[in-house]
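The basis for the numbers below is simple: all heavy atoms, side chains too, and nothing from hydrogens, waters or symmetry mates.
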Amino acid sequence: AQQGRVREKVYGKQKIYFADQEQLPAASDAELRGLDGEIAARSAQLQALQQSCRHMEAELKDLNSSMTTPEIAKEIEALRKDCASSTEKLERIKSATNHVTPEEKEKVCREQQLYRREWRRRKRMATELLDAILEGYPKSKKQFFEEVGIETDEDHGVVLPATV
């Protein structure tokens, strides 16, 4: 700093030293434009390399997430076994002699519809009756059900079958 090559600035108790730029040769406008052009070229090159790097990373991610050849071979073998067992099961079903006739199927469907209708009717009646009782009951519906010992379809996860 005393020789004049480095400058010194004092900020309170701190001292900062930096090169004296007055001693450096001044760059001409042509040199500055050349350096600016080189900076722009290097920036473009950097962006191209970063884009290429992102593309390669995406491709690597795709390749790492895909199956390897031995895994694919195992998957194909498992699918072939599954297909063979399904084909065998289909043949057994086709060759079976105890098929259900359309009349039997229709009869079962009618019975199911009758039972479903009856279930709905009885559930509606019970709900209306319980609602009428609960109008004058001082406690909650849940407490009433516990005291009386009523179990609902919902308590057991039973759902009324849909109409076919």
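- Sequence neighbours left out, the pairs with a member in residues 132-159 that pass salt bridge (charged side-chain N to carboxylate O under 4.0 Å, His left out) are K123-D153, K123-E154, K139-E147.
- Within the structure, ring pair (Phe, Tyr, Trp, His ring centres under 6.0 Å) pairs that include any residue of residues 129-159 comprise Y137-F144 (at least two apart or interchain).
- Legend: residues meeting side-chain contact (heavy atoms from CB on, under 4.5 Å) with E57, ordered by chain and number and at least two apart, are C53.
- V148 is connected to I133 through a chain of hydrophobic side-chain contacts under 4.5 Å among Ile, Leu, Val, Met, Phe, Trp and Tyr, so both are in one cluster.
- One hydrophobic cluster, built from ILVMFWY side chains closer than 4.5 Å, cannot hold both M125 and W119; they sit in different ones.
- Annotation: salt bridge (charged side-chain N to carboxylate O under 4.0 Å, His left out) contacts involving residues 85-100, sequence neighbours excluded, comprise E88-R92.
- Residues Y115 and V108 are members of separate hydrophobic clusters, defined by side-chain heavy-atom contacts under 4.5 angstrom among Ile, Leu, Val, Met, Phe, Trp and Tyr.
- Side-chain contact of R54 with Q51: a donor-acceptor pair under 3.5 Å is present, judged by distance alone.
- Every residue two or more places apart in sequence or in another chain that forms a side-chain contact (heavy atoms from CB on, under 4.5 Å) with S43 is listed here: I39.
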Under 3.5 Å donor-acceptor pairs involving side-chain atoms of residues 13-20, not counting sequence neighbours:
unit_1 : atom_1 : unit_2 : atom_2 : d
Y17    : OH     : E8     : OE2    : 3.3
D20    : OD1    : E22    : N      : 3.3

T127/R124 under side-chain contact (heavy atoms from CB on, under 4.5 Å): CA gap, chis, key distance, verdict = CA-CA 5 Å; T127 304; R124 185 175 43 251; 5.7 Å; no
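- Counting side-chain heavy-atom gaps under 4.5 Å among Ile, Leu, Val, Met, Phe, Trp and Tyr, V10 is found in no cluster with other residues.
- Within the structure, the salt bridge (charged side-chain N to carboxylate O under 4.0 Å, His left out) test picks out the following pairs touching residues 28-46 (sequence neighbours left out): E38-R42.
- The side chain to side chain donor-acceptor pair (under 3.5 Å) search around R121 returns E118, not counting sequence neighbours.
- For the salt bridge (charged side-chain N to carboxylate O under 4.0 Å, His left out) condition, no pair includes a residue of residues 59-86, sequence neighbours left out.
- Under a 4.5 Å side-chain heavy-atom criterion applied to ILVMFWY residues, the cluster that includes I72 comprises M67, I76 as well.
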